[in-house]
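These notes concern the structure reproduced below.
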Amino acid sequence: MYEGIKGFRDFYPGEMQARRWAMDTVEGTARRYGFREVGTPALEPTEMYVDKSGEEIVDELYAFTDRGGREVALTPELTPTVARMVVARQQALSKPIKWYSTRPFWRYEEPQQGRFREFYQTNVDIFGSADPAADAEVLAVAAESLTGLGLTGEDFEFRVSHRDILGGLLAAFDAEVDTAAAIRAVDKREKIGAAEYHDLLAEAGLTYDQAAEFDDLLDTPEDDLDELVAFAGTERVEAAVSNLASVLDAAADFGAREYCTLSLDTARGLDYYTGVVFECFDSTGEVSRSVFGGGRYDDLIEGFGGQPTPAVGVAPGYATLSLLCQRAGVWPEETLSTDYYVLRVGDTRPVAARIARQLRDRGHVVETDVAGRSFGAQLDYADSINAETVVIVGERDLEDDAVTVKDMGSGDQVQVPVDDFPGDRERPTYGDFA
RNA sequence: UCCGGGCUGGGGUAGUGGUAUCCUUCAGCCUUGUGGGGGCUGAGACGUGGGUUCGAUUCCCGCGCCCGGACCCA
């Protein structure tokens with residue numbers, strides 16, 4: 001017996017079926033918006049992440065030297081990879097570029113609730129449009145994915161913010177502010193006490209009075225965003241506020257507005273965000289954990305050596321998503337489903353095989369005996385895989401040129417002429433013959 | 001990396017310084033033809049290494065994995 005690797009999980013058929021449904025739901029939504037699937041490598045040059053995030057990042061990577069002496073790392077996220085792909089074919093790709101991808105990623109972290117060392121995400125990104133409609137479309141894909149899973153506005157909310165509002169306000173203070181540090185503090189605002197929060201802002205360069213004032217500004221309600229513009233008096237904040245309003249306006253037309261709330265203290269830790277940022281929160285849970293997030297990152301492509309290219313994206317992760325669905329009671333039962341079990345007794349394989357093949361041709365899930373088991377054992381098995389209908393192909397039935405069709409829910413069964421099954425029927429069940 | 005809790009057949013459990021209970025599951029049979037009822041038979045466990053001990057699943061320590069939290073969060 002071997003133990004698995006810490007933070008890496010196995011998914012057995014029942015759970016995998018539920019995950020497949022969730023992934024299909026999210027991907028199907030993206031596809032209907034015209035996002036195209038891309039495939040990407042599991043390994044990238046370690047340098048790619050170091051250049052983007054600094055040397056410390058290596059501690060959180062699965063990084064090693066390969067046999068050719070290359071420094072490589074298991075991908076901890078998709079964004080650098082798709083950025084690399086966009087840069088590589090920048091001239092050839094028609095804009096906007098709309099891509100999606102579902103894959104595992106790896107980070108060397110301590111596992112916790114909803115967090116593992118290997119985790120799966122669907123990334124949905126648009127490159128080449130700075131229009132607020134692009135931000136709103138990403139929000140719409142995210143919202144429609146969640147409602148497609150059966151979730152409602154009661155279950156989740158998108159807390160929407162804007163990097164330039166935060167950055168612009170900080171810049172408007174008469175102080176030397178470490179913007180990144182201040183934004184990290186904002187991101188923690190809800191998790192830590194007011195005193196500690198103000199301490200962090202002070203460390204970032206604000207005075208305590210300024211910190212308090214900044215704190216008040218973050219609570220500005222949606223309808224009064226003009227007050228922020230008035231406070232800062234800068235074009236930057238004015239443009240950011242106007243951009244945020246435009247995104248929310250487009251989101252309204254796209255049916256996503258009702259899921260969005262203004263939340264200026266939603267910052268996201270990532271440094272590369274430049275405009276609208278948002279996080280999906282569980283609104284039912286007492287611990288409001290972030291389920292996933294997204295936002296605009298207009299400078300990254302240029303930073304990777306490409307033409308300046310605006311970009312916006314979101315990346316739902318399935319660990320937290322399944323927790324959200326379970327809390328909301330919409331996670332499917334993790335049991336197998338089977339349309340037909342063709343039960344074989346005696347030397348009846350040719351007929352049984354013919355029936356099984358015809359049912360499979362119609363697209364059904366059909367099992368038949370591959371273990372040479374007894375009648376009772378086959379029925380037991382059919383029950384264990386939740387077969388809806390059992391078709392008994394037995395020697396006795398065949399003597400009457402018949403098969404027996406049995407409904408496993410009720411136990412009712414009926415003999416049917418063997419040549420009449422399945423006949424022209426798409427999905428014959430007991431009810432069609434009773 | 002740190003902190004707290006945990007680890008007994010596949011799953012869930014009882015218990016003990018002298019190797020283990022029960023439920024469930026699985027396989028077979030009763031029943032070459034009826035599962036979701038019953039009976040019988042069988043399979044299957046003390047996470048791992050070390051220490052203490054005549055003897056450790058039990059007590060102690062390390063490690064591993066799991067659950068939760070901190071840090072970090074791309």
Side-chain angles (χ1 to χ4, degrees), chain A residues 1-10 12 14 44 48-54 56-61 73-83 105-117 119 121 123 125 183-184 187-188 191-192 267-273 277 279 287 289-295 297 300 313-315 317 319-320 323 335 338 341 343-348 369 371-400 402-415:
Chain A
M1 272 290 281
Y2 296 103
E3 260 178 359
I5 302 294
K6 181 177 183 173
F8 287 64
R9 293 169 298 161
D10 302 316
Y12 288 86
E44 292 280 8
M48 201 161 89
Y49 303 105
V50 174
D51 287 351
K52 190 181 131 262
S53 309
E56 323 80 58
I57 197 74
V58 177
D59 292 338
E60 289 166 18
L61 294 176
L74 284 168
T75 56
E77 57 166 327
L78 189 68
T79 305
T81 297
V82 286
F105 296 95
W106 302 270
R107 292 178 193 171
Y108 195 85
E109 297 182 298
E110 287 311 303
Q112 286 173 41
Q113 184 175 59
R115 177 193 264 192
F116 301 90
R117 289 186 172 179
F119 56 96
Q121 290 185 168
N123 283 257
D125 292 285
I183 285 177
R184 273 196 298 276
D187 201 36
K188 289 180 183 167
K191 292 177 74 174
I192 62 183
R268 303 227 76 202
L270 196 50
D271 290 337
Y272 60 60
Y273 286 114
V277 293
E279 282 192 79
V287 187
R289 270 182 175 275
S290 170
V291 179
F292 60 81
Y297 50 102
L300 189 66
V314 64
T320 45
L323 283 175
T335 53
T338 308
Y341 183 86
L343 194 155
R344 210 144 50 71
V345 184
D347 188 17
T348 63
D369 182 51
R373 290 208 268 211
S374 71
F375 190 103
Q378 286 188 63
L379 212 49
D380 216 355
Y381 179 73
D383 198 41
S384 77
I385 60 174
N386 297 309
E388 189 180 323
T389 299
V390 168
V391 182
I392 300 169
V393 185
E395 290 173 322
R396 288 187 205 165
D397 297 273
L398 291 185
E399 281 169 18
D400 303 332
V403 294
T404 297
V405 177
K406 180 182 183 68
D407 181 86
M408 288 298 277
S410 63
D412 297 335
Q413 60 185 49
V414 61
Q415 274 208 324

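Letters go in sequence order (proteins before strands), and every chain restarts at 1.
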Check: Partner of B/U58 by Watson-Crick or G-U wobble geometry, both contacts under 3.5 Å, or none?
Finding: none
Next item on the list: Output the single nucleotide from B/G33, B/A74, B/G35 whose closest atom is nearest the side chain of A/Asp397.
Entry: B/G33
Notebook entry, point to check: Is A/Thr79 touching bases, backbone alone, or none of the nucleic acid, heavy atoms closer than 4.0 Å?
Noted result: nothing
Notebook entry, point to check: What is the distance from atom CD1 of A/Ile392 to atom CG of A/Leu398, rounded to the nearest 0.5 Å?
Noted result: 11.5 Å
Notebook entry, point to check: Reckon A/Gly376 touches a base, only the sugar-phosphate, or nothing at all at heavy-atom distances under 4.0 Å?
Noted result: nothing
Next item on the list: Establish whether the base of B/G36 is bridged to the side chain of A/Asp383 by a donor-acceptor pair shorter than 3.5 Å.
Entry: no
Notebook entry, point to check: What distance separates A/Phe116 CZ from A/Trp106 CH2, expressed to the nearest 0.5 Å?
Noted result: 16.0 Å
Check: A/Leu78 near the nucleic acid: base, sugar-phosphate alone, or nothing, with a heavy-atom cut-off under 4.0 Å?
Finding: nothing
Margin query: So A/Gln413, base contact, sugar-phosphate only, or nothing? Heavy-atom distance under 4.0 Å.
Written below: base
Check: What class does the angle between the rings of A/Tyr297 and A/Tyr273 fall in, given that below 30° is parallel, 30 to 60° is tilted and above 60° is perpendicular?
Finding: perpendicular
Check: Base, sugar-phosphate, or nothing: which does A/Gly409 touch, judged by heavy atoms less than 4.0 Å apart?
Finding: base
Next item on the list: With heavy atoms under 4.0 Å as the rule, sort A/Arg344 into base, sugar-phosphate or nothing.
Entry: nothing
Next item on the list: Could you tell me whether A/Glu110 and A/Arg115 make a salt bridge, using a distance below 4.0 angstrom between a side-chain N and a carboxylate O?
Entry: no
Checklist line | Pair A/Arg117 + A/Glu109: basic N to acidic O under 4.0 Å | finding: no
Checklist line | Any donor-acceptor N/O pair under 3.5 Å between B/C72 base and A/Arg115 side chain | finding: yes
Note to self: Quick check for you: among B/C72, B/G35, B/U32, whose closest atom lies nearest to any side-chain atom of A/Glu109?
What the structure shows: B/C72
Check: Now, which nucleotide makes the Watson-Crick or G-U wobble pair with B/G47, with each of the two distances under 3.5 Å?
Finding: B/C63
Item checked: Side chain of A/Lys406 - closest among B/C72, B/U32, B/G35 -> B/G35
Item checked: Minimum-distance nucleotide to A/Gln112 side chain [options: B/C71, B/G33, B/G35] -> B/C71
Check: If you measure from the P atom in B/A20 to the same atom in B/G9, how many Å do you get, rounded?
Finding: 15 Å
Next item on the list: Can you tell me the distance, in whole Å, between the CD atom of A/Glu3 and the C1' atom of B/C66?
Entry: 9 Å
Next item on the list: For B/A45 versus B/G5, give the span between their P atoms, rounded off to a whole number of Å.
Entry: 30 Å
Next item on the list: Can you tell me, in whole Å, how much space there is between the C1' of B/G47 and that of B/C40?
Entry: 35 Å
Note to self: Between B/G49 and B/G68, how far apart are the two C1' atoms, rounded to whole Å?
What the structure shows: 27 Å
Next item on the list: Measure from the side chain of A/Gln113, starting at C-beta and using heavy atoms only, and say which of B/G69, B/G33, B/C66 lies closest.
Entry: B/G69
Item checked: Identified pairing partner of B/C71, criterion: Watson-Crick or G-U wobble below 3.5 Å -> none
Check: Hey, which of these two, A/Pro76 or A/Glu110, hits RNA chain B nearer its 5' end, going by closest nucleotide?
Finding: A/Glu110
Item checked: Counter-base of B/G35, judged by Watson-Crick or G-U geometry with both distances under 3.5 Å -> none
Item checked: Lys/Arg-Asp/Glu bridge criterion (N-O < 4.0 Å) met for A/Arg107, A/Glu77 -> no
Next item on the list: With heavy atoms under 4.0 Å as the rule, sort A/Gly313 into base, sugar-phosphate or nothing.
Entry: nothing
Next item on the list: Using Watson-Crick or G-U wobble geometry with both distances below 3.5 Å, tell me the partner of B/C26, or none.
Entry: B/G42
Margin query: Could you tell me how far B/G35 sits from B/A56 if I compare only their C1' atoms? Round to whole Å.
Written below: 46 Å
Notebook entry, point to check: Roughly how far apart, to the nearest Å, are B/C59 and B/U1 at atom P?
Noted result: 28 Å
